[in-house]
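Sequential numbering from 1 along the given sequence is applied to the chain's residues.
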Amino acid sequence: MTQSPLTEIGQLLISLTGQVEGYLQWIINLSIGIAVALLLVRVLIDLFKLNPFGRFAQYARRPTNEAIHQMRSSSLYFPLKKSLGFDPSVLMALIALAILWYVVSGVINNIHFLLRGLGSSLVNFGTGDFFDGGRQLVGVVLLAAIFFLMTLMTITFVNWMFGLLRRASYWSMNRLAPLLRRFEFGGAFAGWSFIILWIALSFAAMAVSAIFLS
């Protein structure tokens with residue numbers, strides 16, 4: 001029996017999402033390994049008090065200079081330095097890398113989820129199940145809007161912690177500002193609008209997934 005083009009496209013989308021997930025983990029592991037090695041070399045240069053103006057030290061430190069500068073410009077740098085008693089920039093860079101990859105993998109996982117939902121919707125349309133296909137398509141559209149807002153909030157949070165993604169964070173806050181004002185309830189909840197909005201979006205995402213994509 002010949003499958004309809006919609007069914008074939010839907011099955012292809014579902015198959016591709018599974019393949020990309022494997023590649024993503026490999027890329028994360030590789031980038032973490034390279035970052036740890038470069039930062040370790042930097043620590044060893046400082047530990048053995050090598051000439052910072054020497055050719056080896058300059059070339060070895062260059063790939064991580066920008067990351068260290070960003071960490072030292074962060075609002076958390078001096079409080080952490082006082083609390084820990086040593087320069088925490090390397091430690092912060094590793095934490096920032098972990099958070100950035102968590103954000104990136106979260107965004108990609110959300111995209112995978114949407115593509116799988118779209119693939120299932122197309123398969124249902126291709127097999128003539130228009131009700132389930134339409135229901136899943138509506139769920140994909142709703143989740144895309146929710147995930148978009150949650151991504152903006154995550155970018156803003158990363159910028160607040162480490163000073164990274166400044167342009168993206170500025171743009172994100174401009175888009176989020178009207179929503180944050182609506183969730184500023186005052187009183188005991190004054191200043192909690194960001195957390196309340198995140199909880200509301202998370203609950204909305206779970207509800208949409210359960211009703212439209214189950």
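- Listed by chain and number, the residues in a side-chain contact (heavy atoms from CB on, under 4.5 Å) with Val141 amount to none (sequence neighbours excluded).
- Here the side chains of Arg72 and Asp87 are in contact, with some heavy-atom distance below 4.5 Å.
- Here the closest heavy-atom approach between residue Ala93 and residue Leu39 is recorded as CB-CD1, 4.1 Å.
- When all heavy atoms are compared, the tightest approach of Leu213 to Gly117 is CD2-CA, 4.4 Å.
- Applying the side-chain hydrogen bond (donor to acceptor under 3.5 Å, both in side chains) rule to pairs touching residues 121-136 yields Asn124-Gln136, Asp132-Arg135, sequence neighbours excluded.
- Between Phe183 and Leu176 the shortest side-chain heavy-atom distance does not fall below 4.5 Å.
- When the side-chain contact (heavy atoms from CB on, under 4.5 Å) test is applied to Ile99, the partners found at least two apart in sequence or on another chain are Ile95, Val103, Val158, Met161, Phe162.
- Residue Phe148 places its CZ atom among more than 12 non-hydrogen atoms of other residues, nucleotides or ligands, all under 6.0 Å distant.
- For CG of Leu91, the number of neighbouring non-hydrogen atoms (other residues, nucleotides, ligands) closer than 6.0 Å is greater than 12.
- Residues Trp198 and Thr154 are in side-chain contact: their nearest non-hydrogen atoms beyond the backbone lie under 4.5 Å apart.
- Shown here is Tyr77, whose OH atom has more than 12 heavy atoms of other residues, nucleotides or ligands within 6.0 Å.
- Taking 4.5 Å as the limit, some side-chain heavy atom of Phe125 sits within range of a side-chain heavy atom of Leu137.
- By the 4.5 Å heavy-atom criterion applied to side chains, Phe86 and Lys81 are not counted as neighbours.
- Contact of the Arg42 side chain with the Asn65 side chain is registered, since non-hydrogen atoms from C-beta on lie closer than 4.5 Å.
- Partners of Leu114 by side-chain contact (heavy atoms from CB on, under 4.5 Å), not counting sequence neighbours, listed by chain and number: Val140, Leu143, Ala144, Phe147.
- Within the 4.5 Å cutoff, the side chain of His69 has heavy atoms near those of the Ser73 side chain.
- Counting heavy atoms from C-beta on, the side chains of Met150 and Ser202 come closer than 4.5 Å.
- In plain terms, the two heavy atoms of Ser193 and Glu184 that are nearest each other are OG-OE1, 3.6 Å.
- Heavy-atom minimum distance, Pro88 versus Leu84: CB-CD1, 4.0 Å.
- Evaluation of the side-chain hydrogen bond (donor to acceptor under 3.5 Å, both in side chains) test over residues 168-179, restricted to residues two or more places apart or in two chains, returns Asn159-Ser169.
- Taking Val43 as the reference, Val90 meet the side-chain contact (heavy atoms from CB on, under 4.5 Å) condition, with sequence neighbours excluded.
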